[in-house]
Each structure stands twice: as C-alpha cells, then as structure tokens.
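In what follows, every chain begins at residue 1, and chains take the letters A, B, ... in the order their sequences are listed. Computed from a predicted structure; not experimentally measured. Hydrogens, waters and symmetry mates play no part in the numbers below; they use all other heavy atoms, side chains included.
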Number of protein chains: 2
Amino acid sequence: MRLKWITSVAFVLISMASFAQETFNPVDFVNPFIGTTNYGTTNPGAVTPNGLMSVVPFNVMGSAQNKFDKDAQWFSTPYEHTNSVLSGFSHVNLSGVGCPDLGSLLLMPTTGALNVDYKSYGSAYSNETATPGYYSNLLTKYGIKCEVSATPRTGISRFTFPKGESHILLNLGEGLTNESGAMLRKVSDTEVEGMKLLGTFCYNSKAVFPIYFVMRISKAPKQMGYWKKQRTMGVEANWDNTSGKNKLYTTYGKELAGDDIGAFFSFDTNEDEEVVVRMGVSFVSIANARLNLDKEQATSSFDEIRASARKSWNDDLSRIKVEGGTKEQKTVFYTALYHMLIHPNILNDVNGQYPAMESDRILTTNGNRYTVFSLWDTYRNVHQLLTLAYPEKQLGMVQTMLGMYRENGWLPKWELFGRETYTMEGDPSIPVIVDTWMKGIRGFDINLAYEAMRKSATLPGNENLMRPDNDDYLKLGYVPLREQYDNSVSHALEYYIADYALSRLADSLGKKDDAKLFFNRSMGYKNYFCKDFGMLRPKLPDGSFYKPFNPREGENFQPCPGFHEGSAWNYTFYVPHDVFGLAKLMGGKKNFITKLQKTFDEGLYDPANEPDIAYPYLFSYFKGEEWRTQQQVQHLLNKYFTDKPNGIPGNDDTGTMSAWAVFSMMGFYPDCPGEPYYTLTTPAFDKVTITLDPKYSGKKELVIETARPTANSSYIKSMTLGGKPINKYRIAHRDLVNGGILKLILEERTK
Amino acid sequence: MRLKWITSVAFVLISMASFAQETFNPVDFVNPFIGTTNYGTTNPGAVTPNGLMSVVPFNVMGSAQNKFDKDAQWFSTPYEHTNSVLSGFSHVNLSGVGCPDLGSLLLMPTTGALNVDYKSYGSAYSNETATPGYYSNLLTKYGIKCEVSATPRTGISRFTFPKGESHILLNLGEGLTNESGAMLRKVSDTEVEGMKLLGTFCYNSKAVFPIYFVMRISKAPKQMGYWKKQRTMGVEANWDNTSGKNKLYTTYGKELAGDDIGAFFSFDTNEDEEVVVRMGVSFVSIANARLNLDKEQATSSFDEIRASARKSWNDDLSRIKVEGGTKEQKTVFYTALYHMLIHPNILNDVNGQYPAMESDRILTTNGNRYTVFSLWDTYRNVHQLLTLAYPEKQLGMVQTMLGMYRENGWLPKWELFGRETYTMEGDPSIPVIVDTWMKGIRGFDINLAYEAMRKSATLPGNENLMRPDNDDYLKLGYVPLREQYDNSVSHALEYYIADYALSRLADSLGKKDDAKLFFNRSMGYKNYFCKDFGMLRPKLPDGSFYKPFNPREGENFQPCPGFHEGSAWNYTFYVPHDVFGLAKLMGGKKNFITKLQKTFDEGLYDPANEPDIAYPYLFSYFKGEEWRTQQQVQHLLNKYFTDKPNGIPGNDDTGTMSAWAVFSMMGFYPDCPGEPYYTLTTPAFDKVTITLDPKYSGKKELVIETARPTANSSYIKSMTLGGKPINKYRIAHRDLVNGGILKLILEERTK
C-alpha cells in the first residue's frame with residue numbers, strides 16, 4: 001500500500017516536473033566557488049561547457065597578503081578562495097589539476113597613476129559572485145567593478161570604472177605557467193595581438209606550446225604602450241636606467257618580445273563608465289584567434305554573451321534532472337556535473353583547424369577536436385559519465401584520441417594542448433576506448449583503435465612511450481622495483497586494468513588469442529600479493545618482496561616505494577577486474593570485507609586521490625555486504641562533497657572527483673573501467689532523469705526513482721528495473737539504459 | 001724647364017693610367033682592419049656600398065681573454081682588433097659610431113657537443129683576411145674556416161667544417177644592442193624566421209625598432225631546435241631544473257619568444273664540408289626579409305655574391321682615382337673612402353617598403369630610403385663628399401631627410417632606422433640641405449625643405465624637438481648655462497652655424513627678411529666671447545660669464561660646463577661662418593693665428609672628435625698663413641691616418657673622420673658646412689681624378705694634378721684652375737668643378 005502511494009506521488013511529481021520543465025534551470029544550482037580551496041583547484045571563472053576559453057580571477061601572485069602564492073609553493077590553480085588580492089583575469093585555464101600551467105594573458109584594470117608592476121598593482125576585492133559563464137567582483141583598491149564572461153573560444157570582460165585616470169593592463173610575463181616568453185603587436189589603438197609560450201606542466205614537462213590571442217578594447221585609449229622588464233644589466237646599468245626594471249614603450253608599436261612584457265591602455269573615464277575587453281585565442285595562429293573572436297562575438301554585447309554562456313550550461317546540465325534532495329545536494333550535484341563538463345575541452349578553432357599532436361603541423365577537423373586529457377584520472381569515471389549522458393562529446397573525444405594516434409603514433413596519456421606531458425602512469429586510453437565501444441558508441445575506427453592499443457600493450461619497453469617498463473612487465477608478469485620511488489606497483493596495476501579491458505575488447509572482436517593473452521597478463525597482479533600482509537607489496541626483479549615494507553608509507557602524498565601518490569592501502573584493492581580473485585588471495589570474502597572495511601574505519605582510505613575511489617563499491621560484489629557500499633558512499637558524499645569552497649576533498653582532477661559525486665548521487669558507479677557495468681548504491685535524490693540518445697541506448701531517458709518511506713531510509717530494500725524486480729547490485733550498462741526506469745525502495749537499517 | 005719636364009712626365013703617367021684603366025682596382029687598396037682598434041669603431045666585416053646588411057666578426061663578448069668586452073665598459077663596436085675570441089658573426093652593424101646598437105643576429109659555427117652558452121662557445125681565431133665585401137678567418141678551437149659576404153640587404157656565410165659533429169647557432173639574446181627581446185619561428189628544417197628588438201642607442205635612447213630576418217641553411221640538419229635562457233625562478237626551481245639556465249627545445253618548432261633565445265642546427269659533417277647560411281633582413285617585416293633574400297641571392301653561390309660585392313665597391317671607389325703617393329697613402333685613402341660609403345645606408349626593402357619615421361606605418365619609396373644619419377658628425381664633410389662625387393646618393397639622402405619631415409614633422413638629428421635618437425645637439429640637417437642645394441643638387445622640394453628648416457629655427461623651445469633651448473637662444477642670442485653639464489655653448493654654436501646656412505639659402509631664395517634674421521642670429525656667437533681669455537666661454541642667464549673657467553676642462557671627453565665632448569679650446573674657433581669676425585674679436589689676424597697655432601703646438605687640438613676638425617683649414621683664411629694649413633693637414637694625416645688597425649684617431653663617426661682624410665688627401669676641404677666653398681691644401685697624390693655628374697657640375701670630371709719638384713715639396717707654390725692661375729686658397733664649389741683641372745705646383749719650405 002505504502003509503495004503504491006509512493007508510486008502515485010512519484011507520478012504526480014513527474015507530471016508536475018513536465019509542466020514546470022520550462023522553468024527548470026539547473027544552472028542556478030551551480031556554485032562555481034565549490035572546490036576553490038582545500039586544493040580542489042577548481043575556479044569560479046567564466047567558461048562554457050567544454051570551452052577552450054575560461055576567464056578566471058587570478059589571485060595567487062604578487063601579494064604577501066595572499067596565503068597561497070604560486071611563487072611560494074607548488075601551486076596549480078589561478079584562484080584560491082582563501083586569498084584576497086587579485087592581480088588580473090587569466091585567459092584559458094585548467095580546472096581541477098594538480099600541476100600548474102596556462103593561466104596566462106592576465107588582464108587587469110587599474111586607476112590612478114600608471115603602474116605596470118604586478119607586485120603592487122594587485123587589488124583586494126569584494127562582492128564576488130559567480131554563476132556558470134559569469135564572474136564578477138569589485139576591486140576595492142580602485143573602485144572598479146569587474147565582470148567576465150566567455151564563449152567557447154573567446155573571453156569578454158566588462159570593467160566599470162570610476163571617474164578619473166584609468167588603465168587596462170595585459171600582462172604576458174606572468175601567469176600560472178612556469179614557461180616564459182611572449183610576443184605582442186599593436187594592431188590599432190584598440191587592438192593588440194600576440195603569442196605567449198605555455199607549458200612545462202608540473203614544472204618539468206618538455207611539453208610547450210604557444211597560445212595566440214587578439215584583444216580588443218571598446219574605448220580608444222588616450223595612450224597605449226608596452227612594457228618590458230629589462231634584464232639585469234652589468235656595467236650597462238651605469239647608463240641604462242631600466243636595468244632590472246619595467247621599461248615603458250610609449251611610442252613604439254611594432255612587435256615586442258621578451259620574457260616579461262605587457263601592454264597598457266590608459267583612459268580618462270567618467271563615473272561608471274564601462275569599458276569592454278574582448279579576447280580571442282587560438283592554439284593555431286593569430287589569424288585564427290581573430291577569426292574566433294569575429295565569429296563568436298561579432299557585435300554581441302557583454303550581456304548577450306553572458307546569457308548565451310548561461311544557456312549553454314543550462315542545456316548541458318539539463319541532460320540530467322534531479323528531483324528531491326536538499327538544495328545543498330542539488331548544488332553539489334549540479335556543480336559537480338558542471339566541473340565534470342569543463343575538460344576535455346575543444347581545441348579546434350571555428351574553422352576546424354588545430355595543432356596536430358606533438359607536431360607543428362596544422363590540421364583541420366570536421367567535428368570537435370578535444371584537448372586536456374588527464375586520463376589517469378578521467379578513465380575511471382568521467383568518460384563513463386560522458387558516454388552515458390553526453391555520448392556525442394564522448395565520441396568526439398575518442399575520435400580525438402585516435403587522431404592523436406594517427407598523428408603521433410601514440411594514444412594520449414596526459415595530453416595538454418597537443419603535447420603529451422607523460423604525467424602519471426599506465427595506459428589509460430585503453431579502458432576509455434573499450435568502455436565506450438562496449439557501451440555501444442561505435443562511430444570510430446575500431447580497427448585503428450585496436451592497433452593503437454595493442455601497440456602500447458606489446459611494444460618493447462625501449463620503444464614504448466606508454467609503457468616504458470614493458471620488458472619487465474611482459475617477462476616477469478609484474479614491474480619490479482628497480483628504483484626507490486619508481487612507482488613500479490602502480491605502473492603494473494594500471495597495465496593489468498588496461499590489459500583486462502583490452503582482453504574484453506579482443507574477445508568481442510573475435511580475437512580469441514589476444515583475449516586470452518591480455519586476460520592472462522591482467523592476472524599478473526597476483527605476483528604482488530604478499531600473504532604475510534595480505535596486501536599488494538612491491539617486488540624486486542629476483543621475485544622477492546621489497547623490504548622493509550610499511551603498508552602505510554605513502555600517506556599524504558609522501559613518496560613511497562612502489563606506489564605513486566598513495567600507500568599500499570590505497571592500491572591493494574585496485575584490481576577491479578578481479579575482485580573475486582583478490583578476495584580469494586586474501587582468504588575469502590570475509591577477510592576481504594574485513595580488510596576493506598578497515599581501510600574506512602582506520603582512515604586508510606584517501607578520498608582525495610583516484611587509486612582507491614572505487615573502494616566503497618567493492619563491498620557490493622559480495623552478497624549481503626551491499627549496505628556497506630551504501631553506507632560509505634553516503635558517508636563520503638556527506639563528509640567531503642559540500643556546497644562550500646572546500647566542498648571537494650582534493651584536486652578535482654578535471655572532473656574526476658566530481659564525476660564520482662555525480663554517479664554516486666545518482667545511485668550507480670562504474671567501478672571497473674572498461675567493463676560496461678555499474679555497481680548500484682543509494683541515490684541522493686528522489687528522482688533522477690537522464691536524457692539518453694536513443695541512437696546508442698534505445699531509450700530516450702533513464703529514470704531512477706527512489707522511494708524513502710522514512711526520513712532515515714538510506715539503504716536499498718528492493719529494486720525494479722523496467723518494472724521487473726532485480727536483486728543484483730552490479731548491473732550491465734545495456735540492461736540499465738534499456739530498462740528505462742530503475743525504481744528503488746529504501747529502508748532504514750540498524751547494524 | 002723643370003716644370004715643363006714634370007708636366008710631360010705627368011702626361012705620360014696619365015696616358016699610362018688610361019691604358020691601364022681596366023685593371024685599376026681601388027678595392028685592392030682597401031684595408032678593412034683600419035680603424036678597428038683605438039676606438040675607431042670600424043669593423044672588417046662584409047658590407048656593400050651603403051648597404052643595409054653587414055656581416056661582422058663579433059669578438060667583444062663572453063671571454064675574459066678579450067681585452068675589450070661590451071659588458072665591461074662603454075662599448076660601441078662589434079669587433080676590436082686587439083681581442084682574440086670570437087663568439088659569432090653579427091648581422092647589420094654600425095660602423096664608426098660611439099654608441100652601441102645593432103650588432104645582433106649572432107651566427108656561430110661550432111663542433112663537438114652542442115653548447116649554446118656564449119660564455120663558453122667562443123673561439124680564438126687566426127688567418128684573418130678582409131677585403132671589401134668579404135671577411136674570413138679560421139676558428140682555431142673548432143677548425144672551422146669562416147667566410148662571410150653580403151648583398152645590400154642580405155648576408156651569406158660559408159663555414160668549412162672538419163669531420164664530425166658540427167653545429168650552427170643563431171643567438172638572438174646577445175649582441176651589441178643593449179635592448180633585448182626576440183621572436184623565432186622554424187619554417188622548415190633549413191629555414192627560420194624571426195624578429196629581434198634593437199635600439200636604446202647610447203644605452204639610453206627611447207628609440208627602439210625591430211629587425212626581421214629569414215635565415216636559410218644549405219644542409220638539412222640532423223637535428224634543429226631552440227634554446228631559451230630561463231628566468232631565475234623562485235620556489236619553482238625545486239621542480240624545474242632550467243632555472244637561470246639555457247633550456248633546449250628539441251621538439252617544439254612554433255614561435256619562441258623571450259629575452260635570451262636562439263636556434264641551433266646540428267650536423268654530421270665530412271672533412272672540409274661547406275655549409276652555407278643565408279640571412280635576409282628587413283626593418284619592415286619577415287615577409288620582406290624573405291623577399292630581400294629571394295631577390296638578392298636567388299641561387300647565387302657564395303663566390304658569386306662575394307664577386308658582386310667586390311664589384312660594387314670597385315665601381316663606387318673608382319669614382320675617385322688617385323695616382324702617385326705611396327701604397328700606404330692609397331690604402332689610407334681608399335679605406336677612408338670605403339668607410340665613408342658605409343653610412344647612411346639603405347633602409348628600404350627590394351619592394352621599396354620602409355618604416356616611416358617615428359611611426360609604425362610602412363611606406364613605399366621609388367628611390368632609396370636611407371638611414372643612419374649621424375648628422376652632428378656628417379654634416380661637416382661626409383655629405384659634401386657625397387654631393388661632389390656621389391650626387392645621386394646625396395640627393396637620395398636629402399629626399400630621405402625630407403621624407404622624415406613629411407612623416408614626423410622634423411628633419412633628422414641622429415636618425416637610426418626610422419627612429420630619432422636625439423644624440424648630440426644642434427640642427428645639422430640645415431647645413432646639409434643648404435650645402436646640397438647651393439652646390440646645384442636641386443631635385444628635391446626646396447619649399448618643403450625651407451619650411452622644415454624654418455620650423456626648427458623658429459619654434460618655441462617647448463615645442464621644439466630640434467632646439468629645445470630655442471627660447472633662450474631667441475631671446476638672449478645665446479644659450480645660457482642652466483645646468484652644470486647642459487652643453488649650452490655647444491648647442492648655441494650649432495644653432496649659429498645652422499642659422500648662417502639658412503640665411504644663405506633664404507637669401508638665394510629671395511627671402512631677404514629671413515636672410516637677415518638668421519644671419520643676425522648666427523652672429524650671436526659673439527655673446528660667448530670673453531676678452532679676458534680671448535675664448536668662447538659659457539655664459540649665465542644674467543649675461544655674466546660662468547666661473548670658474550678653465551679652458552682646458554673637458555679634455556679627453558670629460559664632462560665640461562658648457563661644452564660637449566670637448567674643452568673651450570675645441571670649440572672656440574668653431575665659428576666657420578665668421579672666421580674674420582672671430583679674429584676681430586680676438587684682436588686681429590695675428591692674435592687669431594697665434595692662438596690657433598697654439599692649439600696645435602700645445603696639444604689642445606683633438607683630432608679624434610668633430611668640433612675642431614676644420615681648425616687646420618682656418619689658417620688659410622689669412623693671406624700668407626696658408627702654409628700652416630698645409631703643414632698641419634699633412635702632419636695630422638701622417639700621424640693619425642695610417643694603414644694600421646689604429647689608423648683612425650678616434651670614432652670614425654660613420655665616415656666623418658674618413659671624409660676628413662679623403663678631402664684632405666685630395667687637397668681641399670669644406671670647412672664651413674652649408675657654404676659652398678672649399679679651402680685648398682696640399683694633395684697627397686700626384687693626381688686625383690673625380691668623376692662628376694655633368695648634370696650637376698657641367699663637367700665629367702675634376703682633375704687635381706700636383707707637381708712635386710723635389711721629394712720634400714709639400715707646400716703649395718702656385719696653382720692654376722682650368723689653365724688660369726689662382727691665388728686664393730678658398731674656392732667656390734662651382735668654380736672648382738667647372739674648372740675641370742686644378743694644377744698645383746709644390747715647393748719645399750723652410751720656416
């Protein structure tokens with residue numbers, strides 16, 4: 001009876017939702033300040049979905065009043081919520097990464113006497129507001145209201161000045177990137193163009209690339225010019241008074257190049273006078289930057305561009321509609337979805353041109369060319385979420401990855417604007433591509449993809465850019481520890497996962513020998529299992545275990561023999577393709593569950609990094625233990641994902657943490673990358689409606705309805721899929737999307 | 001009798017010369033090493049007559065073994081003969097200047113392991129040879145033979161390598177200029193293009209300008225790449241090991257920009273393998289640099305280009321043919337003529353485009369657009385020599401000067417590649433233009449020229465870029481000393497000379513009022529005459545003389561109240577437009593002669609700077625004293641102008657010292673700039689034949705024949721011009737060139 005009533009209520013709610021559809025604006029639930037401290041490394045800047053351009057308040061430089069300074073510690077975000085002094089708005093930024101790069105083309109409005117020294121022209125600010133595609137603040141030092149917005153490839157800033165002498169500065173010498181060097185050219189009094197070198201991701205990558213830009217200002221300045229910080233001179237300083245200082249160029253307007261250069265525009269402004277700055281960028285050429293600016297902004301006003309950005313976000317966010325839950329939960333959910341939809345972002349210009357992978361060639365695409373593939377992170381859940389709800393994006397990304405293989409001979413690992421940074425380890429393109437194919441998105445050349453994947457899986461180590469330790473791996477079945485901090489176990493665990501995924505694909509393509517080969521390799525993880533500890537443990541080339549062994553070594557991102565960014569605890573359960581096999585090694589289900597529960601109970605689980613983020617879902621592989629998944633997921637969501645600036649537990653990792661939250665709040669999670677399965681858990685909402693593309697899923701939407709008889713009902717009591725009862729907590733992607741509607745009835749549980 | 005015999009001998013010699021004309025190669029007498037030490041600041045590099053391009057061995061940087069280092073003292077030349085370590089070949093250089101600039105695009109061949117640090121890749125050298133349009137040496141550290149040559153706008157270098165690993169480096173971070181910043185782009189494996197910022201002439205000028213280049217290498221390298229010296233980093237140095245070091249870019253080939261950048265090309269070379277590097281430049285654009293390279297080099301070989309450069313020089317030098325004299329005298333003469341024909345040099349590209357004066361606009365000329373107008377120097381004699389023997393060049397230069405006025409509102413003072421450096425003082429365009437006009441070269445807009453000259457002569461000081469102290473000058477008739485080292489007297493003396501020249505032009509144009517006005521102003525020098533000292537002396541605004549006054553203060557370029565780069569002795573006689581008036585102030589001819597003689601006898605004459613270089617000729621204003629001119633000129637020539645590297649007494653000042661030698665050795669000198677007159681003296685040669693343009697002079701040539709009855713005959717006994725005896729030692733230009741042949745008979749004199 002109760003159930004029937006609930007169903008009726010749900011029906012009414014659905015109807016009401018349908019009526020109210022026009023006013024459903026998920027964009028209003030997004031709080032871009034979430035993740036902007038606590039090393040979440042997201043930012044509140046203006047960006048469009050998967051847009052190349054972001055315009056971000058830059059507050060991590062030049063002031064001792066800021067707690068976090070990019071020049072005082074390892075720092076990877078242009079914005080930190082704790083800080084208080086802004087020194088510009090950076091154009092094109094990374095969201096949620098742990099390594100610094102980009103965050104350049106710093107635009108800063110000031111008033112009073114011209115000052116081009118970023119160490120003193122910064123300003124405190126107030127009145128911060130941010131909503132998708134828009135950010136605003138008030139620079140209290142200058143009385144300037146700043147507003148920024150974006151199109152996919154261009155930024156727009158509106159500065160409202162007080163009466164008096166005002167300036168707009170474009171600083172090309174600084175930024176989050178640790179690479180230097182820029183070129184600047186005056187086109188007219190109101191337009192400059194140029195180039196800035198970016199790169200050296202994580203401070204040490206060889207990946208460098210240029211960003212090109214064209215910048216236009218709405219008001220003709222009374223004066224414009226350049227500055228360049230001059231090199232510290234020797235004896236020449238006796239006669240050249242610019243040694244080590246910012247030299248102003250007031251009458252020179254051709255190319256300026258250097259390490260530390262900028263352009264200034266000076267105005268007499270009236271009270272509340274608005275000056276609009278438009279910035280087009282390209283990674284191909286200055287001409288394309290201008291083309292992007294012309295095509296995407298034309299004569300659109302700031303408000304029109306802002307409205308357009310908002311609409312883009314609302315359209316994309318509306319693909320998943322949640323009902324019920326608290327306002328905070330909706331805020332967390334839609335902000336997570338928002339963060340998940342920032343990277344990978346488009347790279348190609350409006351004319352389709354883009355820089356070929358690891359090359360200076362320029363190619364042209366018909367569709368979207370994507371960039372910023374943080375695959376060690378995103379292969380775990382971001383691409384699964386895209387495959388489900390944004391299949392056209394996911395297809396474009398897989399096509400991009402294959403394009404990279406065509407151009408460079410390798411699928412990406414951590415690709416950044418056409419350059420491979422080789423950040424983190426493994427062979428993460430494999431599970432992404434296999435997962436996509438297995439879930440029915442097949443509009444790409446699977447033979448080429450297979451060739452690419454087989455190449456990295458089989459090529460000898462000295463020729464293998466993806467798996468440099470492949471010789472050991474193929475010969476021994478594991479990667480031995482050869483250097484103290486060579487992350488050998490982490491490497492191998494990634495290869496196992498990739499090989500398992502590849503074996504599933506080989507099988508489905510009828511390549512039975514390959515399927516067997518790669519499956520067998522994927523079982524090599526057993527080499528690392530140490531019975532003494534019941535854990536995975538680094539192994540030496542002679543087959544003996546590395547000692548001394550402290551399973552907790554590596555906590556808090558300390559270096560650790562064999563493990564990368566984690567301890568043995570964070571990696572031991574990371575065999576998602578053979579959970580039962582691992583359990584068997586551990587002595588069976590009970591030991592497995594006890595040990596897994598211990599990681600949560602004793603603080604050995606790290607919610608802030610990827611290796612163990614699927615752990616909570618592993619309980620559900622064992623009948624009767626599913627409640628532990630439901631308990632932990634809800635606990636972790638409540639504890640670590642909030643609507644506050646610290647509401648992401650660590651680096652968002654280009655949306656990976658956010659995708660974990662999105663899936664978890666919807667009630668299912670793809671815990672084994674490459675395997676088209678989800679593990680179910682308690683949804684956070686009463687109803688979730690995911691718009692599907694019938695081309696791939698047969699249905700137009702997937703609805704997840706959750707009935708909570710009481711306020712404390714947070715455990716799954718029973719489920720039906722497409723009206724039929726189910727009692728398994730691992731469910732195939734195909735079954736789920738074909739099911740149309742998953743209904744869950746919750747109950748309280750007292751343990 | 002004796003005379004008759006001499007005439008006969010001369011006739012025979014002339015006939016022989018005519019027969020031998022085809023083999024007369026004045027280019028063989030040029031020794032480009034003259035002036036390359038002793039602060040002559042000329043260089044032995046390859047250049048064409050008035051060519052934009054010069055390719056110069058650069059040996060003033062990066063080695064403690066060099067006595068002179070551009071970073072250890074005020075230094076203004078890319079080459080010093082005393083030095084021993086070369087760090088490249090610089091492209092586009094200044095010859096004979098006292099302020100550093102240009103001397104960039106440093107090309108360096110090396111062998112062995114790649115090393116891009118100029119502080120260690122320099123090499124000692126031997127086997128230096130230089131002839132117009134060609135320079136060669138052997139880099140002993142590497143065993144590389146270097147040869148360079150040039151066309152008007154391009155350079156070519158041929159490096160002969162030993163067997164092994166070889167490199168060619170293009171360093172854009174260093175050079176003689178104290179300005180920094182460059183951009184570089186790989187076009188193909190064998191071509192790069194880019195831009196380098198130049199300027200800050202004298203270390204302090206605001207004049208900056210870009211040089212664009214395209215560089216091609218004849219051999220495809222096994223590897224090419226860039227380098228950039230990275231900024232010294234803060235905390236980032238913990239993770240980025242390139243802090244403060246040269247970072248190599250081996251896989252990146254798009255734009256690189258920065259303060260200290262370069263490109264390298266690495267080869268495996270065979271024994272004696274030649275690699276040719278071609279460099280095109282432009283001050284307009286990279287496209288024009290490429291066009292210049294394509295048009296001027298096409299497929300020409302190094303040897304063809306070298307031969308072409310040699311022919312250009314031989315053609316130009318042949319305009320003046322000297323016979324008799326010693327080989328050393330011919331060497332001094334033709335080298336001086338060579339040095340005089342380096343600047344001003346063409347600025348326009350092969351398509352006629354050039355950067356407009358003080359502007360970022362690009363204009364197009366039909367003729368030649370010139371640059372490098374060191375007018376405070378060259379107005380004294382360089383332009384007079386050009387007017388006489390190279391009138392088409394002089395006309396192009398005057399047209400250029402008027403173009404600058406059209407574009408910028410001002411005639412040039414010290415123009416450098418389209419930028420006014422405001423170096424030194426005065427209004428030197430006026431005597432240049434007046435002198436040119438008065439001598440019959442009239443193919444320019446004299447009304448515009450008059451407007452331009454009148455503007456600087458009359459505009460109030462606060463609007464007057466040429467005469468900033470014009471208010472004082474117009475009100476008081478002199479420029480008072482208002483600051484200790486304001487060079488006030490030097491300023492005024494220049495204005496007097498300019499105003500005198502302008503008055504002569506006004507008179508000839510029928511502007512009688514102006515003629516009177518400017519003539520009266522030109523007499524203002526009398527304000528400075530101090531009877532107590534019998535010298536010009538700084539004066540204060542209240543009309544009193546500055547004290548204390550030490551007429552010798554200012555020797556050796558020490559700062560001096562009222563006088564610029566000299567003492568009162570070096571300036572007191574610099575009233576060439578009123579020598580007799582000055583003599584009157586001094587108490588008459590005797591006092592004048594005594595005082596003038598004293599300057600020579602007591603070492604108060606400075607042969608190394610311009611203000612007093614006409615002094616020796618002033619004796620000849622007074623009948624009976626002409627021998628003093630002849631004595632001093634021959635003495636100074638013998639003492640200071642030799643065929644050795646120290647054979648120019650000081651900065652050649654873009655050919656001014658050289659022009660002094662050329663005129664003096666021919667036997668006449670234009671001691672009053674703007675007045676179309678020469679003072680005669682003893683020629684150094686038996687015969688001088690100057691090819692004239694009948695368009696301007698009515699005759700095809702001017703011949704000066706000198707008969708020396710004895711070896712010690714060095715004083716003029718008698719003269720005939722066009723067969724008629726003359727007894728005046730000041731002769732009008734028109735009379736001289738119309739005379740056709742000036743014959744002098746010398747005699748010994750015992751005083």
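By the neighbour-count criterion of 12 heavy atoms within 6.0 Å, atom NZ of A:K413 is densely surrounded, having more than that number from other residues, nucleotides or ligands.
When each of A:T250, A:I261, A:N241, A:D240 is checked for heavy-atom pairs under 4.5 Å with chain B, A:D240 comes out on top. Of all the listed residues (A:G234, A:P355, A:G181), the one sharing the greatest number of non-hydrogen pairs under 4.5 Å with chain B is A:G181. Each of B:A182, B:P210, B:G173 has some count of heavy-atom pairs under 4.5 Å with chain A, and the biggest count is that of B:P210.
For the pair B:N178/A:M233, a side-chain contact is recorded, criterion being any heavy-atom separation below 4.5 Å from C-beta on. A heavy-atom distance below 4.5 Å is not found between the side chains of A:D259 and B:K229. Annotation: side chain of A:E236 is not in contact with side chain of B:W74 (no heavy-atom distance under 4.5 Å).
Neither the backbone nor the side chain of A:Y226 has a heavy atom closer than 4.5 Å to any heavy atom of chain B. Proximity to chain B is limited to the side chain of A:K228, based on heavy atoms less than 4.5 angstrom apart. Using a 4.5 Å cut-off between heavy atoms, A:Q230 contacts chain B through its side chain alone, with no backbone atom that close. Interface residue A:I362: only side-chain heavy atoms are found under 4.5 Å from chain B.
Under the rule for a side chain to side chain donor-acceptor pair (under 3.5 Å), the partners of A:E255 that lie at least two apart in sequence or sit in another chain are A:R185, B:Y212. For A:E80, the side chain to side chain donor-acceptor pair (under 3.5 Å) criterion is met by A:T37, A:T82, not counting sequence neighbours.
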Using distance only, find each side-chain donor-acceptor pair of residues 195-206 of chain B under 3.5 Å and give its atom names and separation, not counting sequence neighbours.
residue	atom	partner	partner atom	Å
B:K196	NZ	B:E179	O	3.1
B:Y203	OH	B:F75	N	3.1
B:S205	OG	B:A207	N	2.8

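Near-neighbour residues of residues 62-70 of chain A relative to chain B, defined by a heavy atom under 4.5 Å from a heavy atom of that chain, comprise A:K70.
With hydrogens and angles disregarded, no donor-acceptor distance shorter than 3.5 Å links the side chain of B:K254 to the backbone of A:S359.
Taking a cutoff of 4.0 Å between a charged side-chain nitrogen and a carboxylate oxygen, B:D260 and A:R231 qualify as a salt bridge.
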